[in-house]
2 protein chains.
Amino acid sequence: MEDEVDRLVAAWRRERPDLDVEPLEVLSRVSRLARHLDRARRLAFAEHQLEPWEFDVLTALRRAGNPYQLSPGQLLTQTLVTSGTMTNRIDRLTKKGLVERLPDPSDRRGVLVRLTEEGQDRADQALAGLLDQERAILAELSRAQRGELAGLLRQLTAPFDNIPG
Amino acid sequence: MEDEVDRLVAAWRRERPDLDVEPLEVLSRVSRLARHLDRARRLAFAEHQLEPWEFDVLTALRRAGNPYQLSPGQLLTQTLVTSGTMTNRIDRLTKKGLVERLPDPSDRRGVLVRLTEEGQDRADQALAGLLDQERAILAELSRAQRGELAGLLRQLTAPFDNIPG
DNA sequence: GTCAATAGGCTTGATATCAAGAGACTTGAA
DNA sequence: TTCAAGTCTCTTGATATCAAGCCTATTGAC
């Protein structure tokens, strides 16, 4: 079956027959698929009254394990946003009762952000919903193909994830 | 080589051993790789004094072929932004001398956006730079692996691209 | 002990985006 | 011909983000 990238590549080959546009076959598909996934996730989370950014913060805390708390700085590095953005996010999640700010007992400058009971429930429910949706998207592929795809993608992501970039 | 998703999946298996998180092996890698690519592209375009959104608009016009012009509405559907955003983009590109607005001779409501000479040169140069960079990223894989990866990704993108979604 | 340098979180100001709607023009049915 | 409905672009108002800088507390060299 043809997709949008096939059409994109065909257009470039017509307009710029001198260029080798083969890289687009892989990387444009990655970018476009990621956009589709963003939209799909937004819909899945909306069923649990969560925005994608809320899910990101809550699940970072959830994955930290009991007692489900991290400093704002640790949340920054996990979610790749700036400190101003994180302050804003914590404010809003606090207002919704999904997290709470606690003073850090070991550093009087510091703050700890902790998941509330409700925050934990919402994160768990949204994760289950997300996984169901993702399984449906991946049903296009056999189990073996999924494994192969994961392995090929790992080869591309590993350099980014391991070099300081 | 391990990547960030391996660590993510391990954390979930520890915290939620009851859940099957296998879908994350593929789709979280797609999302994370797309983010890395966005950053890398921003750097590549900066060498040509272009923002990613400028590249998107200019190359849409470039791909349209001679005389390199499209209506704002056609640009909307190609770049997936809203009309307010596109008006703003065309304004800024016009100020930089990369595109120009022309009245549509066949519809007095309408406008045509046309690439200037400089806009075409900048788009062509930026595309060549992007392809060089992408080739470097893909050097991790053999030619056969790249073909396989492109095929697997196409199976996932095709439903999104062909169903009205 | 003292003080400069650093770390941690928050505040401010600017910007790009989106959603909603306004204004100008075209189309098609009566 | 007329006019209601549709199309196309631009404008407005609200929002989330980022970059830069501020303030407080901690650390380490002397």
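Chain A is the first sequence line, chain B the second, and so forth, proteins listed ahead of strands; every chain is numbered from 1.
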Between [X] and [Y] (salt bridge meaning N to carboxylate O under 4.0 Å), is one present in this structure?
X: A:Arg35; Y: A:Asp38; result: no
X: A:Glu54; Y: A:Arg122; result: no
X: B:Glu25; Y: B:Arg13; result: yes
X: A:Asp91; Y: A:Arg101; result: yes

* Asked: Under 3.5 Å, is there a donor-acceptor pair between the B:Thr79 and B:Asp56 side chains?
  ->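 Distance-only check fails for B:Thr79 and B:Asp56.
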
Is there a side-chain polar atom (N or O) of [X] under 4.0 Å from OP1 or OP2 of [N]?
X: A:Thr82; N: D:dT17; answer: no
X: B:Ser83; N: D:dC10; answer: no
X: A:Arg92; N: D:dA16; answer: yes
X: B:Thr87; N: D:dC10; answer: yes
X: B:Arg109; N: C:dA22; answer: no
X: B:Arg89; N: D:dT9; answer: no

* **A:Phe160 with B:Leu27, same ILVMFWY side-chain cluster at under 4.5 Å** => yes

* Does a side-chain heavy-atom distance below 4.5 Å link A:Leu76 with A:Thr85? ->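 No, too far: nothing below the 4.5 Å cut-off.
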
Nucleotide N/O of nucleotides 1-3 of chain D paired with protein N/O under 3.5 Å:
none

* To do: Taking only the side-chain heavy atoms of B:Arg108 (C-beta and beyond), determine which of C:dA16, C:dT11, C:dC25 contains the nearest atom.
  => C:dC25

* Answer with base, sugar-phosphate or nothing: what part of the nucleic acid does B:Asp107 contact at a heavy-atom distance below 4.0 Å? => sugar-phosphate

* To do: Scan residues 48-68 of chain B against DNA chain C and write down, sorted by residue number, each residue with any heavy atom closer than 4.0 Å; if none is found, say none.
  =>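 None - not one residue of the stretch has a heavy atom sitting under 4.0 Å from the strand.
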
* Which of these passes side chain to side chain contact (heavy atoms under 4.5 Å, CB included) with A:Arg29: B:Asp161, B:Leu153, B:Leu156? -> B:Leu153

